[in-house]
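Notes follow once the structure below has been shown.
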Amino acid sequence: MKKNVKELATATAVAAAVVTTGVAVNATTAHADDATTGAPASTASATVQTPTGKAENTASAATTSLADATQQANNAKQALDTAQADNDAAQGALANQQNEVAKDAAAVQAGKKAVAKAQTDLQNATSENIAAAKQAVMDQEQVVSATQEKVATAQKDVETTKQAAGRANQAVNDAQAKVDAAQQKVTAATNALDGSALGKAQQELTQAQTAAKQAQAKLTAAQKALADAQTAKQQADNALAAAKEQQKQAQSAYNQAIKNGAKPVVAAVVTDNQITLPANYMSLLKAYFGGNLSSEALANQLAGWMDKNTFKHSAADQQVKLNNVFDLNEATRTELSEWAAGLINQIRQQTGYPAVIVTTSSVAYAHEITQGYTTDNFNNFAVPTAHDYKVLKAVADRYGTQYEEDLSAETIPGTDKVWVNPTAHAETNGWQTVKTSLTLDQLKELIYDGLKGFLFEDAKMHWSHAKSISGLINAGLPQDHQQALGVDMGQDGWLHFDFGTTTTNGAHSKIADNATPANPAADQAKHNLDVANTNVQNTTDKANDASTKVTTAQKNVTDAENQVKTTKEAVTNAENQVKQFQGTQTEKEAALTKAKQDLATAESDLNKAKAAAADPQAKYEAAQANLTKAQADLQAALEKLALLKQQLSDLENAPANLAKAQAELTAARAAWAAAQAALPELQARADAAQAALAKAEALYKAAVEVLQAAQAKAAAAKAALAAKAAQVAALKRVEAQAAAMKPQAHQAALPQTGEATPAVGWMSALGLAMVSMLTGTSLLKKRHN
């Protein structure tokens, strides 16, 4: 019994040592009364006092401060963003104006040079000099004509010597085959002498006879295929002849329509080539520009469409040689512009946006732009994402139009990464002097491939070209607005697709001022001619295909005949070998002697054939060298002719050129002055915006520091509040356990018979309950037991 009371007192001491923080415990008073009276042995009370509301108030204040600091930081960030945007705009406007000043200054310098040249040309524009220049042009034209004849003759010599060399080389091959056959006979005759090859020879004879039968069957089939191919070729030739007659009549009708009215400069109706878009092309493009589709996703959707659209070649265009694509004449530039516009109108018909037109002015407009690029020595390979905006703005202003330009560069079709101007692509010096000759067909293929690239592979340019070619870029313009197209080749090898507008802010532009009047009869005749040309092209392709099949079939017949001949010879040789192996020793020796003699004769003939082939081959190589020289001479003569024509034009148009140069110089000076005048105000705005940005940055930094401090205080207050809640919960559990063990504590406090009254009261019971809760030890339960 004493042991139990001692344990309780010890536990109470432990509890008093453990439960200290945040808890106030009243002293417990125990009264030991006479046990026989039946009165209560003791009265006790335990009160748990909770902390005041300071933690809640602190947390509430911290939350309010955090909300205020957050709002202030957000306001400061918005002010900083606004200041940053204002500063970017101000600095950008200043930089743009500084660039404009520099461009206008360069334009003034260029204008001075142009005026000086025009003045010199005017001084030299005497009747004698003009007459001399005209005579020089006529003389050079004769030189060109004579050089062209030399090229034609050299080409014929190449073909003639090539055929002779081919025949001589074939003779060498035939002689080599005879040598090989003679060697086989020597080998067979040698084998016959040992008397053991008869069985093998008989087996080879059987095989040779079987091969001869198979070769004959193959020859019969090849002869039938040749007859069928020849019939098909005759039908194709007849269709081609009819198509050419129809073309001739259509051309005549078109010529007559042109005589009755000027030839229209309009977008062509392109039937020989097509560019097809996926049905959802515009919805995808609009989704991208609306921010609902990524560039990568758009590219993935359009993958494969480059290969689905392929260029169809024109035999007629392949015959049109353009000696310098960097100096195209007006007729060629007009045809390319009309053809490109026809393809773009195919695209616009699928996208639902207005078609483009071609006018005399739009062709000239594009040419003036490319000439401006040339004057500026602008190499777009060096600045692949830029345009010569100075030129674009100046030319557009002269025409009173809005400019829009798309540029493309492709390698020459049929070559392995050869650029139209490879020197410009390599960004090395001298690219301005490069001259490149292409066919009209190759130029059209460059245009076709460029348009495909704009539509389907424009991710690097953020699909801006697709937006232009599809017509989406002009979706919000007035209904009377229409685009006029001009196409030209820049000196750096980039194709220019230049669009002008027929109206600008409601005003009529000069892009269509000198367009040829409408000629409906010519339009219809031109359409009929285009259809006839397409029909000729199609039937020509079929006729060529039929001719190819005839040639192939003829070759198959020739090969089969040669195979029949070869197998028959093999049968004869095998029969002779069998006879040799069956003959006497003397006969076998004689056969070997003859085989060796035949081999020697064949080898001699082979040596003679090789010697005979040397001269035709040398003549062929010499003819090739002569053709190369003639072509180089022709190129030089054409370049000189172009230079002389330009000099003549400068002299004949000297007054107009001078007036134009002076007017442009005056305009350039005025633009330069206006641009300089605008700089001070823009500089002041930029400085003010920079200062405002610095102030906003400082305010934002201070607001962030206040916010961080408020966040720290709020976190601390939250932690204190959580700790308080945990303590209150723990004390409530202690109070509950203390109330439950009150009877046991009272019993323990009464004096027992034969024992002294223990000094354990209500405080001990309370300590025991706390220890039981905090340590998990059921001391009170043990005491009760």
Side-chain angles (χ1 to χ4, degrees), residues 102-118 120-121 322-334 336-337 361-399 403 405-410 419-438 443 446-447 450 486-500 635 638-650 653 657 660-661 664-665 668:
K103 290 179 182 179
D104 290 341
V108 170
Q109 295 302 317
K112 290 179 179 179
K113 293 180 181 179
V115 168
K117 182 182 183 303
T120 301
D121 291 340
L322 304 171
N323 293 310
N324 183 6
V325 296
F326 307 132
D327 187 22
L328 300 173
N329 58 36
E330 181 180 5
T332 302
R333 287 185 281 107
T334 299
L336 292 176
S337 300
S361 292
S362 69
V363 176
Y365 163 76
H367 189 50
E368 285 189 35
I369 289 175
T370 56
Q371 285 182 319
Y373 274 68
T374 299
T375 300
D376 287 352
N377 281 330
F378 194 94
N379 180 6
N380 208 54
F381 286 109
V383 279
T385 60
H387 298 259
D388 194 337
Y389 292 104
K390 181 193 74 174
V391 168
L392 291 172
K393 183 177 183 301
V395 176
D397 287 346
R398 285 200 296 275
Y399 280 82
Y403 66 79
E405 180 178 66
D406 297 303
L407 299 173
S408 72
E410 306 283 343
W419 297 88
V420 179
N421 189 331
T423 306
H425 178 261
E427 299 181 31
T428 56
N429 294 329
W431 60 269
Q432 300 92 336
T433 62
V434 173
K435 303 291 187 296
T436 300
S437 298
L438 296 175
L443 262 183
L446 288 172
I447 291 173
V487 175
D488 198 4
M489 173 66 75
Q491 193 175 358
D492 54 1
W494 284 71
L495 270 171
H496 291 241
F497 298 81
D498 286 297
F499 298 90
Q635 180 65 28
L638 289 169
E639 292 175 0
K640 184 177 180 180
L641 176 59
L643 177 61
L644 291 173
K645 285 183 176 180
Q646 184 60 51
Q647 292 173 350
L648 174 60
S649 175
D650 290 343
N653 300 305
N657 290 344
K660 179 182 177 182
E664 291 177 351
L665 176 57

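The first residue in the sequence is number 1, and the count goes up from there.
- Enclosure of atom CG in N429 is not indicated, since only 12 or fewer non-hydrogen atoms of other residues, nucleotides or ligands lie within 6.0 angstrom.
- Heavy-atom neighbours of E330 CD from other residues, nucleotides or ligands within 6.0 Å: at or below the threshold of 12.
- Side-chain N or O atoms of T375 include one that pairs as donor or acceptor with a backbone N or O of Q371 at under 3.5 Å.
- Nearest heavy-atom pair, S337 versus V487, reported as atom, atom and distance to 0.1 Å: OG-N, 2.8 Å.
- D397 is linked by a salt bridge (charged side-chain N to carboxylate O under 4.0 Å, His left out) to K393, counting only residues two or more places apart in sequence or in another chain.
- Ring geometry for H425 against W419 counts as parallel: the plane angle stays under 30°, on a 0 to 90° scale with 60° as the upper cut.
- Looking at H367 and D488, their side chains do bring a donor and an acceptor atom within 3.5 Å of each other.
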Legend entry - Full working for ring pair (Phe, Tyr, Trp, His ring centres under 6.0 Å) between W494 and F381: CA-CA 9 Å; W494 284 71; F381 286 109; 5.2 Å; yes
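- The backbone N or O of Q432 sits less than 3.5 Å from a side-chain atom of Q491, completing a donor-acceptor pair.
- D327 has no carboxylate O lying under 4.0 Å from a charged side-chain N of K435, or vice versa, which leaves the two without a salt bridge.
- Each of T370, V383, V391 was evaluated against F378; a single residue qualifies, V383, per the side chain to side chain contact (heavy atoms under 4.5 Å, CB included) test.
- Shown here are the side chain to side chain contact (heavy atoms under 4.5 Å, CB included) partners of A394, two or more places apart in sequence or in another chain: R398.
- Between Y373 and H387, the distance separating the two ring centers is not shorter than 6.0 angstrom.
- Separation of atoms OG (S408) and CD1 (I447) is listed at 8.5 Å; rounding is to 0.5 Å.
- Here the shortest heavy-atom pairing between E410 and V420 reads O-CG2, 3.9 Å.
- At least one side-chain heavy atom of N421 sits under 4.5 Å from a side-chain heavy atom of F326.
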